[in-house]
Engineer: 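Once you've had a glance at the structure underneath, I'll fire off some questions.
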Amino acid sequence: MRHWLLKSEPDTFSFEDLKERPGRTEPWNGVRNYQVRNYMRDEMEPGDLGFFYHSSCPEPGIPGVIKIVSAARPDPHAFDPKSDYYDPKSDPENPRWLLVDVAWRADFTRFVPLTELREHPELSELLILRRGNRLSITPLELADFRFLCRLGGVDPKKL
DNA sequence: GCCAACGTTGGC
DNA sequence: GCCAACGTTGGC
């Protein structure tokens, strides 16, 4: 099993929004970066755990834990000319863009802000903390996953 | 294949 | 709003 960090702008789609979806599950659509697509296609598996991360907002940080609940499948928005995510170069016979279904798994007992992540030398390898990293999905080492769970007041053994 | 121009991301 | 970083595009 691998672990992940998924970024979203809360004005667009927040952790709270995810909890309000039917089945507390949402298709993670709109990925238009090849490296992130390849993560979903080649490395993600149903059952993988990860974190929701709020970006581009007054207080960036992690509100809780999510779970990947589907394999990668074509992102239908890529074929919809009315969608902001429309890509005329994506051929339905050979879809360029993929998504996975993401489900709420657990709330943190307290929000863990980005400023706090930067204070922990244990987390210095976190891709999200590296300068210039803009990938909307990044892999996490197991040790980092566990460390972050504990920062958020969640026991990783109970997930 | 190179690379300059441009667009986007995201913290501050 | 600023700016650093990086991906994409397109001319050559």
Side-chain angles (χ1 to χ4, degrees), chain A residues 2-21 26-44 48-68 72-105 107-141 143-145 147-154:
Chain A
R2 289 179 178 267
H3 300 84
W4 306 95
L5 187 144
L6 279 63
K7 286 195 262 190
S8 182
E9 299 185 18
D11 285 351
T12 304
F13 187 72
S14 71
F15 194 57
E16 293 304 309
D17 293 333
L18 177 61
K19 289 173 67 177
E20 291 170 5
R21 287 293 195 269
E26 178 76 356
W28 202 259
N29 53 49
V31 168
R32 296 293 178 269
N33 172 284
Y34 290 104
Q35 194 172 348
V36 174
R37 180 204 65 183
N38 294 348
Y39 281 146
M40 293 195 292
R41 185 188 64 195
D42 303 334
E43 300 189 40
M44 268 190 183
D48 284 358
L49 295 172
F51 299 111
F52 206 105
Y53 177 86
H54 285 165
S55 66
S56 294
C57 56
E59 190 168 36
I62 301 176
V65 184
I66 53 88
K67 181 178 177 179
I68 307 302
R73 57 188 173 84
D75 181 348
H77 289 76
F79 311 126
D80 177 5
K82 297 193 182 88
S83 170
D84 288 343
Y85 300 127
Y86 177 55
D87 181 355
K89 287 179 281 191
S90 183
D91 174 6
E93 298 298 314
N94 183 21
R96 177 178 301 200
W97 301 116
L98 306 174
L99 58 74
V100 296
D101 291 310
V102 173
W104 174 89
R105 182 63 188 84
D107 288 339
F108 274 1
T109 59
R110 64 184 196 88
F111 181 81
V112 178
L114 174 61
T115 51
E116 185 176 334
L117 301 182
R118 293 193 190 285
E119 291 169 1
H120 291 283
E122 296 91 333
L123 297 174
S124 60
E125 297 303 309
L126 267 194
L127 293 175
I128 189 84
L129 301 180
R130 299 241 181 112
R131 284 168 65 87
N133 179 20
R134 302 179 306 158
L135 297 179
S136 60
I137 297 178
T138 48
L140 293 173
E141 295 299 324
D144 291 338
F145 177 79
F147 190 88
L148 288 165
C149 280
R150 293 188 186 108
L151 280 184
V154 167

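Worth knowing before you read on, the calculation uses all heavy atoms, side chains too, and leaves out hydrogens, waters and symmetry mates. Labels below follow one simple rule: chain letters A, B, ... track the order of the sequence lines, proteins then strands, and each chain is numbered from 1.
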Engineer: Nearest-Å distance, CD (E59(A)) to C1' (dC12(B))?
Structural biologist: 14 Å
Engineer: What integer distance in Å separates I137(A):CD1 from dT9(B):P?
Structural biologist: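 One finds 14 Å between P of dT9(B) and CD1 of I137(A), rounded.
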Engineer: Counting only side-chain N and O atoms of R118(A), is one of them less than 4.0 Å from OP1 or OP2 of dC12(B)?
Structural biologist: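 Yes, within the criterion.
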Engineer: Identify which nucleotide among dG10(B), dC12(B), dT8(C) has an atom closest to any side-chain atom of L114(A), counting heavy atoms from C-beta outward.
Structural biologist: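 The answer is dC12(B), which lies nearest to the side chain.
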Engineer: Give the rounded distance in Å between these two atoms: CG of L127(A) and C1' of dT9(B).
Structural biologist: 16 Å
Engineer: Taking OP1 and OP2 of dT9(B), is either one under 4.0 Å from a side-chain nitrogen or oxygen of Y53(A)?
Structural biologist: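 Negative; the distance criterion is not met.
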Engineer: With respect to the phosphate group of dG11(B), does any side-chain polar atom (N or O) of K7(A) fall under 4.0 Å of OP1 or OP2?
Structural biologist: no
Engineer: Centre-to-centre under 6.0 Å for F52(A) and W28(A), is that the case here?
Structural biologist: yes
Engineer: Angle between ring planes, W97(A) versus Y34(A), binned at 30° and 60°: parallel, tilted or perpendicular?
Structural biologist: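 Judged by the thresholds at 30° and 60°, the geometry between W97(A) and Y34(A) is tilted.
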Engineer: To the nearest Å, give me how far apart CG (D87(A)) and P (dT9(C)) are.
Structural biologist: 8 Å
Engineer: What is the nucleic acid contact for R32(A), judged by heavy atoms within less than 4.0 Å: base, sugar-phosphate only, or nothing?
Structural biologist: nothing
Engineer: To the nearest angstrom, how far is L129(A) atom CG from dT9(B) atom C1'?
Structural biologist: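 Atom CG in L129(A) sits about 16 Å away from atom C1' in dT9(B).
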Engineer: I'd like to know if R32(A) pairs up with D75(A) as an ion pair, taking the criterion as any Lys NZ or Arg NE/NH1/NH2 lying under 4.0 Å from an Asp or Glu carboxylate oxygen.
Structural biologist: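 Counted as a salt bridge, because a side-chain N and a carboxylate O are separated by less than 4.0 Å.
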Engineer: Nearest-Å distance, CG (N33(A)) to C1' (dT9(C))?
Structural biologist: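 From N33(A) CG to dT9(C) C1': 15 Å.
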Engineer: Out of curiosity, M44(A) CE to W4(A) CH2, how far, rounded to the nearest 0.5 Å?
Structural biologist: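 Answer rounded to 0.5 Å: 5.0 Å.
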Engineer: Rounded to whole Å, please give me the gap between CD in E9(A) and P in dT9(B).
Structural biologist: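 The distance from CD of E9(A) to P of dT9(B) comes to 7 Å, rounded to the nearest Å.
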Engineer: For R134(A) and dC12(B), what is the distance between atoms CZ and P respectively, to the nearest whole Å?
Structural biologist: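 Distance, rounded to whole Å: 17 Å.
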